[in-house]
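What follows is a set of notes on a single structure, which appears directly below.
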Amino acid sequence: MIELKGIRKQFGDQVVFDAIDLKLERGEIIVVVGPSGTGKSTLLRCINFLERPDAGQLTVGDLQVDATRATQAQILALRRRTAFVFQNYALFANKTALQNIAEGMIVVDGLSKREAHARARKILERIGLADKADAYPASLSGGQQQRVGIGRAMAANAEVILFDEPTSALDPQWVEEVLGLMKQLAAEHQTMIVVTHEMQFAREVADRVVFMDEGRIIEQAPPATLFSQPRDERTQRFLKKILAANPA
Amino acid sequence: MHALNVDYMLGLVPILLSYLPLTLGMAAAGMLCALVLASLLAVIRVTELPGLNVFAKLFISFFRGTPLLVQLFLFYYGLPQVLTFLVSINGITATILGLTLHFSAYMAESIRAAIVGIDRSQTEAALSVGMTQGQLMRRIVLPQATRVATPTLMNYFIDMIKSTSLAFTLGVTELMGATQKEAASSFLYFEAFLVVAVIYWVVVEALSWVQKWLEQRLNRAYQR
Ligand SMILES: Nc1ncnc2c1ncn2[C@@H]1O[C@H](COP(=O)(O)OP(=O)(O)O)[C@@H](O)[C@H]1O
Ligand SMILES: [Mg+2]
């Protein structure tokens with residue numbers, strides 16, 4: 001179970017959000033949508049302390065962290081329970097596909113190199129890149145890089161995987177293979193929070209869609225409900241705009 | 001004007017070459033120590049480590065801001081008067097110390113630039129996986145930064161080899177000191193210094209060749 005309570009974040013005197021509450025059951029898949037600049041990325045980054053929240057409580061599995069008092073050990077424990085998939089893949093340029101996936105298991109989990117590589121090979125098979133084990137990121141396509149990025153997140157065996165616009169930086173021809181892999185994870189009941197503009201994906205995969213605007217969660221509902229009967233006027237406006245741009 | 005004494009020059013080559021190991025040894029020792037110190041300074045500067053950052057800035061500023069010869073005299077002639085336990089510091093040690101401190105200040109800046117050049121998202125990815133700052137530096141950032149900085153660091157090494165010639169002012173009989181002595185006894189200054197110049201030149205050319213080869217290899221790294 002993941003629970004955020006009263007999460008607050010500000011940069012200088014700009015308050016991005018004041019008190020975000022959000023709760024996910026294990027195996028639940030949430031898609032977060034909203035205009036850009038609303039704080040979606042910042043929220044995801046707060047969940048694994050890439051940004052330190054200014055207040056609030058985070059519960060991830062058996063770990064509970066008070067943002068204002070979080071110790072370094074708690075932050076590391078939290079990061080191990082949450083995995084992140086970045087918009088620009090952010091692969092380690094000096095590591096092969098296999099090493100990118102194995103790195104965390106070796107350095108953070110303390111697995112032997114042999115064990116970590118064996119597990120990484122299994123993950124490479126699941127993401128359909130078994131033949132690219134020894135390729136460096138620079139020689140992979142965008143779609144392949146992002147799949148390795150997702151593989152790295154899978155390797156963490158985290159309670160939740162956080163996806164920050166995982167297909168936004170991709171050339172159109174690679175989008176489907178990445179979404180396909182995410183659907184595969186969804187079918188395996190991997191808990192995930194996905195920020196994306198792919199409305200069709202949200203419709204098919206999300207248990208719940210969360211609409212954020214100006215640092216607030218305006219409304220949340222199963223996709224069928226939210227897309228057909230948005231209650232708030234801001235949600236209606238946003239959906240109209242985005243569905244006009246990418247008809248789902 | 002007299003004709004170049006070629007026989008003398010040819011005879012001088014093996015004599016001077018026997019001092020080359022000392023020259024290269026001082027440079028190699030200085031380079032190794034400087035690499036360690038420079039990496040430390042660079043990491044302090046990049047992470048803005050409280051307390052040490054100010055010290056690192058001051059250190060870099062001083063050793064870049066004063067001539068190497070002045071620093072060598074300061075260590076060899078000056079320091080023993082203040083720190084009396086250093087009375088026995090010999091010229092070779094003082095030279096290696098001077099080269100280390102002087103060049104580490106320059107090298108720290110190029111390593112720092114290389115670290116800063118590694119894109120920030122890799123750092124975030126490493127942190128998101130749960131790595132500590134130290135693990136992140138050792139496993140992701142420094143290996144990449146070293147490759148970026150290597151060509152520049154090679155330039156400093158070449159510079160350092162030439163700078164070892166200053167050791168003769170501390171009474172060390174290395175390549176330059178030996179040449180000075182030979183010249184003083186034969187009075188064939190032009191021949192002697194021409195030979196030593198060519199020796200330095202050949203060594204540096206050989207290293208430049210290695211540098212080019214290394215650079216090509218490094219450019220190909222991580223591409224497969
Ligand atoms: N590191 C930062 N420093 C200062 N302001 C930031 C930083 N990161 C994000 N912001 C600001 O916070 C707000 C929310 O940004 P973000 O979370 O990226 O929005 P979204 O992902 O919804 O587009 C924006 O106004 C953005 O400019
Ligand atoms: Mg964003």
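Since this is a predicted model, take the numbers as computed values, not measurements. Values below: every heavy atom of this structure, side chains too, minus hydrogens, waters and symmetry copies. Just so it is clear: chains get the letters A, B, ... in the order the sequence lines come, proteins before strands, and each one is counted from 1.
Using a 4.5 Å cut-off between non-hydrogen atoms, the part of residues 133-144 of chain A that approaches chain B consists of A:D134, A:A135, A:Y136, A:A138, A:S139. Of all residues in residues 117-143 of chain B, those placing a non-hydrogen atom less than 4.5 angstrom from a non-hydrogen atom of chain A are B:S121, B:Q122, B:E124, B:A125, B:A126, B:L127, B:S128, B:V129, B:G130, B:M131, B:T132, B:Q135, B:R139, B:I140, B:P143. Chain B is approached within less than 4.5 Å, heavy atom to heavy atom, by A:L50, A:L76 from residues 49-77 of chain A, ordered by number.
Proximity to chain B (any heavy atom under 4.5 Å) is shown, for A:R81, by neither the backbone nor the side chain. Residue contact with chain B, scored on non-hydrogen atoms closer than 4.5 Å, involves the backbone and the side chain of A:A93 alike. Of the two parts of A:L162, neither the backbone nor the side chain holds a non-hydrogen atom closer than 4.5 Å to a non-hydrogen atom of chain B. The part of A:F86 that comes within reach of chain B is its side chain, from C-beta onward, which places non-hydrogen atoms under 4.5 angstrom from that chain. Contacts of A:N94 with chain B are made by both backbone and side-chain atoms, with heavy-atom separations under 4.5 Å. For chain B, the nearby part of A:T82 is the backbone; its heavy atoms alone come within less than 4.5 Å.
Scored by the salt bridge (Lys or Arg N to Asp or Glu O under 4.0 Å) test, A:K23 finds no partners at all (sequence neighbours excluded).
The 12-atom threshold is not exceeded at OH of B:Y19, counting heavy atoms of other residues, nucleotides or ligands nearer than 6.0 Å. Residue A:K183 places its NZ atom among more than 12 non-hydrogen atoms of other residues, nucleotides or ligands, all under 6.0 Å distant. Crowding of B:Y77 atom OH: a count of heavy atoms from other residues, nucleotides or ligands under 6.0 Å exceeding 12. Few gaps surround CD on A:Q173; more than 12 heavy atoms of other groups in view lie less than 6.0 Å from it. Around the CD atom of A:E188, the shell of radius 6.0 Å holds more than 12 heavy atoms that belong to other residues, nucleotides or ligands.
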